[in-house]
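Take a look at the structure set out below.
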Amino acid sequence: MNRYWSGRIRNAVPYTPGEQPRDRTFIKLNTNECPYPPSPKVTEAIRAAAGDGLRLYPDPECLDLRAAIAQREGLDLRQVFCGNGSDEILAFAFQAFFEPDREVVFPKITYSFYPVYTGFFGLRCREVPMNPDFSDPIDLLCGNNGGVVLANPNAPTGLAVGLDTVEKLLNANPDVVVLVDEAYIDFGGDSAVGLIGRYPNLLVVQTASKSRALAGLRVGWAMGDPGLIDGLRCVRDSINSYTVDRLAQAGAAAALRDEDYFQSIRRRVMDTRRWTEHALRERGFAVLPSQANFVFARHPHHGGKELLDGLRERGVLARWWSTPEIADWLRISIGTDGDMAALMAALDGILLYSESS
Ligand SMILES: *Cc1c(COP(=O)(O)O)cnc(C)c1O
């Protein structure tokens, strides 16, 4: 706090990003990054873009990148918007489509950036309690709200809903925007992109950070009715027209055009996830059936914080929240097979140590 701060930032409750350690090498299973490198074509494209062209501003409309997305998804260019990570697009969408006098609704256990945005942008939110099995409380997201935000698959649970459920939300909330955050859609869920032509209130947001191994490049995109895309553009051009730089546009477009590489890394992550769920259950963990690149797990005799600290001592980072409903749980990103074997060895150390003491 500082005497020059505006009232707005005095009252802000910012998001806490997952740790990016600098001092020591950890097995990093805390921020859902991809354990594999990006496509070699990405590096090539960035190298080619890293010359004289950097004198010039990037294309504010990201035309080539949007063309790559539109082509892959069978959409029109006017239905696609690109941003500096999907977090930026979410921030734009909250400002473009939600009003202070009507509550934005989302499930209680979900991406913790959503309540940060409503707070910071002077909006109100209603966080709807989860069903006891952590499934989304869909009926409570239907009607009587000023907008709906749904992460599908959800974070940190990893659970996904089907398209019938997304359509139910769209039909029940025709006068407000239903924002579907598909950051993890490539790891098993069904994308709502195919519904876009039929629902002018649907905005689907995806990212290159997870399934395309480009968290460091900061590229996300939104897909929806051209009217919604224009709304995002209006917010962007009121703040900063050039949010996606030249290297990011070139690299992300190359990633989107390398379908074979994309398929191979997402399959590897899903295979390793299957092995990880099994190995955790063998050790007594309850594991939610994940459709994402992480698992959400709980041990009957060890709290989430205890496991988090024990793993850290053994060189493995995971993610834990003190929120009472999930304080017993740990979110563990899917790494390489070697990373997950090291995770199991560390867990065995913790479980064994506590048994003998
Ligand atoms: C990781 C994540 C994002 C943010 O992705 P970026 O494109 O890296 O900003 C958005 N939503 C959810 C649910 C996420 O887990």
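Note that the numbering runs from 1 along the sequence shown for the chain. Numbering of ligands and ligand atoms starts at 1, following listing order.
In terms of modelled atom types and a separation under 3.5 Å, the side chain of D181 and the main chain of N152 share no donor-acceptor contact. Panel note: side chain S86, backbone G220; no donor-acceptor pair is recorded below 3.5 Å.
Using a cutoff of 4.0 Å between basic side-chain nitrogens and carboxylate oxygens, K210 and E182 are not scored as salt-bridged.
Ring geometry for Y114 against Y111 counts as perpendicular: the plane angle is over 60°, on a 0 to 90° scale with 30° as the lower cut. Ring pair F81/F92 is perpendicular by interplanar angle, where above 60° counts as perpendicular and below 30° as parallel.
Applying the salt bridge (charged side-chain N to carboxylate O under 4.0 Å, His left out) definition to pairs two or more places apart or across chains, those involving residues 183-208 are E167-R198, D186-R212.
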Present, as a list of atom pairs with distances to 0.1 Å, all nitrogen or oxygen contacts under 3.5 Å between ligand 1 and the protein.
{"from": "ligand 1", "atom 1": "5 (O)", "to": "S86", "atom 2": "OG", "distance (Å)": "3.0"}
{"from": "ligand 1", "atom 1": "7 (O)", "to": "S86", "atom 2": "N", "distance (Å)": "2.6"}
{"from": "ligand 1", "atom 1": "7 (O)", "to": "S86", "atom 2": "OG", "distance (Å)": "2.9"}
{"from": "ligand 1", "atom 1": "7 (O)", "to": "T207", "atom 2": "OG1", "distance (Å)": "2.5"}
{"from": "ligand 1", "atom 1": "7 (O)", "to": "S209", "atom 2": "OG", "distance (Å)": "3.4"}
{"from": "ligand 1", "atom 1": "8 (O)", "to": "S209", "atom 2": "OG", "distance (Å)": "2.6"}
{"from": "ligand 1", "atom 1": "8 (O)", "to": "R218", "atom 2": "NH1", "distance (Å)": "2.7"}
{"from": "ligand 1", "atom 1": "8 (O)", "to": "R218", "atom 2": "NH2", "distance (Å)": "3.4"}
{"from": "ligand 1", "atom 1": "9 (O)", "to": "S86", "atom 2": "N", "distance (Å)": "3.2"}
{"from": "ligand 1", "atom 1": "9 (O)", "to": "D87", "atom 2": "N", "distance (Å)": "3.0"}
{"from": "ligand 1", "atom 1": "9 (O)", "to": "D87", "atom 2": "OD2", "distance (Å)": "3.2"}
{"from": "ligand 1", "atom 1": "9 (O)", "to": "R218", "atom 2": "NH2", "distance (Å)": "2.8"}
{"from": "ligand 1", "atom 1": "11 (N)", "to": "D181", "atom 2": "OD1", "distance (Å)": "3.3"}
{"from": "ligand 1", "atom 1": "11 (N)", "to": "D181", "atom 2": "OD2", "distance (Å)": "2.7"}
{"from": "ligand 1", "atom 1": "15 (O)", "to": "Y184", "atom 2": "OH", "distance (Å)": "2.5"}
{"from": "ligand 1", "atom 1": "15 (O)", "to": "K210", "atom 2": "NZ", "distance (Å)": "3.0"}

